[in-house]
Amino acid sequence: MGVGSVQITGTGQLIELSRRLKAAGGPRLKANFARRIRHAAEPLKNGMQQTIRDLPIRADPRKQGSRGGPSPTTRPLRATIAEAVRLSVRASANPGARVWIDTALLPSDLKGMPKYMNRADGRIRHKVFGNRKRWHNNWTTPLWWDKTVQAHTPRMRAEVTRVLNDVHRQLS
């Protein structure tokens, strides 16, 4: 699956329901549909943000005699990435919800970091203070994005099914 976006879209029921909503011409019904789909996806967004904030990142131990020092940035890595998690809902063409990390909100040096942090081996390899000759490994929980999505998927599917059934009843 990988870091990128999670979508519950394009299912035949959602598309058919969207057409019927448009034909019924009920903006109130359409707004209610979108609000309930957002409500179904909101716990995934919040869970994703919390997972990122709580994600353990550990470093390899320093070698004997190596120097250390403070980070050159005061920017908190996990909090910065967690703030970039977004949720969008569409009730018209291709209806559904999408949870993704908006890389436009990340600093230029962190744009690829969510993808690196979600690697199967959990390794984050980076230059030491920008020095291309010295590299360092940090380790995190492998596939955290995928695991969080899997944990929330059954609840989201059940909620979306309930929304679809309710709206079908209203249209009938």
Side-chain angles (χ1 to χ4, degrees), residues 1-18 21 30-60 71-127 135-167:
M1 184 174 294
V3 174
S5 67
V6 180
Q7 299 182 36
I8 295 185
T9 61
T11 64
Q13 288 179 316
L14 285 174
I15 291 172
E16 176 60 29
L17 185 59
S18 177
L21 284 171
K30 195 172 186 177
N32 183 35
F33 172 67
R35 181 180 49 78
R36 290 188 61 194
I37 294 293
R38 175 178 294 279
H39 181 72
E42 194 74 37
L44 173 61
K45 176 190 168 227
N46 296 339
M48 200 63 72
Q49 288 177 324
Q50 194 60 48
T51 299
I52 295 167
R53 285 188 183 101
D54 296 343
L55 202 61
I57 298 178
R58 65 189 186 336
D60 287 338
S71 172
T73 177
T74 58
R75 179 182 63 229
L77 172 69
R78 290 171 285 221
T80 302
I81 294 172
E83 290 301 316
V85 175
R86 295 286 177 252
L87 167 65
S88 65
V89 175
R90 288 175 50 165
S92 55
N94 201 14
R98 179 176 172 223
V99 177
W100 82 102
I101 295 179
D102 189 355
T103 56
L105 299 175
L106 295 174
S108 61
D109 59 332
L110 294 182
K111 293 214 184 282
M113 187 58 73
K115 200 176 296 184
Y116 290 122
M117 290 172 70
N118 195 51
R119 288 174 41 146
D121 62 1
R123 184 175 80 159
I124 305 168
R125 184 171 161 83
H126 63 91
K127 296 177 276 196
W135 289 79
H136 183 72
N137 291 322
N138 289 88
W139 303 91
T140 188
T141 306
L143 303 174
W144 57 269
W145 178 275
D146 301 342
K147 290 175 184 175
T148 305
V149 169
Q150 287 173 353
H152 286 272
T153 298
R155 185 202 50 76
M156 286 177 54
R157 285 191 199 278
E159 182 67 25
V160 168
T161 301
R162 189 165 53 245
V163 169
L164 289 171
N165 291 338
D166 289 351
V167 174

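Note that the numbering runs from 1 along the sequence shown for the chain.
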Output the distance between atom [atom1] ([X]) and atom [atom2] ([Y]), rounded to the nearest 0.5 Å.
X	Y	atom1	atom2	answer
Ile57	Trp139	CD1	CH2	13.0 Å
Arg86	Arg98	CZ	CZ	12.5 Å
Leu87	Gln49	CG	CD	9.5 Å
Leu106	Met113	CG	CE	10.0 Å
His126	Asp109	NE2	CG	12.0 Å
Ile81	Leu55	CD1	CG	8.5 Å

Nearest heavy-atom pair of [X] and [Y]: which atoms, and what distance?
X	Y	answer
Pro154	Ala151	CD-O, 3.9 Å
Ser88	Arg38	CA-NH2, 4.4 Å
Val89	Ala34	CG1-O, 3.6 Å
Ala40	Met156	O-CG, 3.5 Å
Trp145	Trp100	CH2-CA, 4.1 Å
Ile37	Gly96	CG2-C, 4.1 Å

Taking the side chain as every heavy atom from C-beta outward, state whether [X] and [Y] have any atom pair closer than 4.5 Å.
X	Y	value
Thr148	Gln50	no
Leu143	Asn118	yes
Thr140	Arg119	no
His39	Val163	no

### Query
Does the side chain of Arg35 come under 3.5 Å of the side chain of Asn32 through a donor N or O and an acceptor N or O?
yes
### Task
Report the C-alpha distance between Glu83 and Leu105 in whole Å, list the side-chain angles of each, state the deciding distance to 0.1 Å, and finish with yes or no for side chain to side chain contact (heavy atoms under 4.5 Å, CB included).
CA-CA 8 Å; Glu83 290 301 316; Leu105 299 175; over 6 Å; no
### Check against side chain to side chain contact (heavy atoms under 4.5 Å, CB included), Met48 and Val149
CA-CA 8 Å; Met48 200 63 72; Val149 169; 3.7 Å; yes
#### Entry: Evaluation steps, side chain to side chain contact (heavy atoms under 4.5 Å, CB included), between Thr51 and Lys147
CA-CA 10 Å; Thr51 299; Lys147 290 175 184 175; over 6 Å; no
### Whether Arg123 side chain and Pro142 backbone form a donor-acceptor pair below 3.5 Å
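Checked: no pair found.
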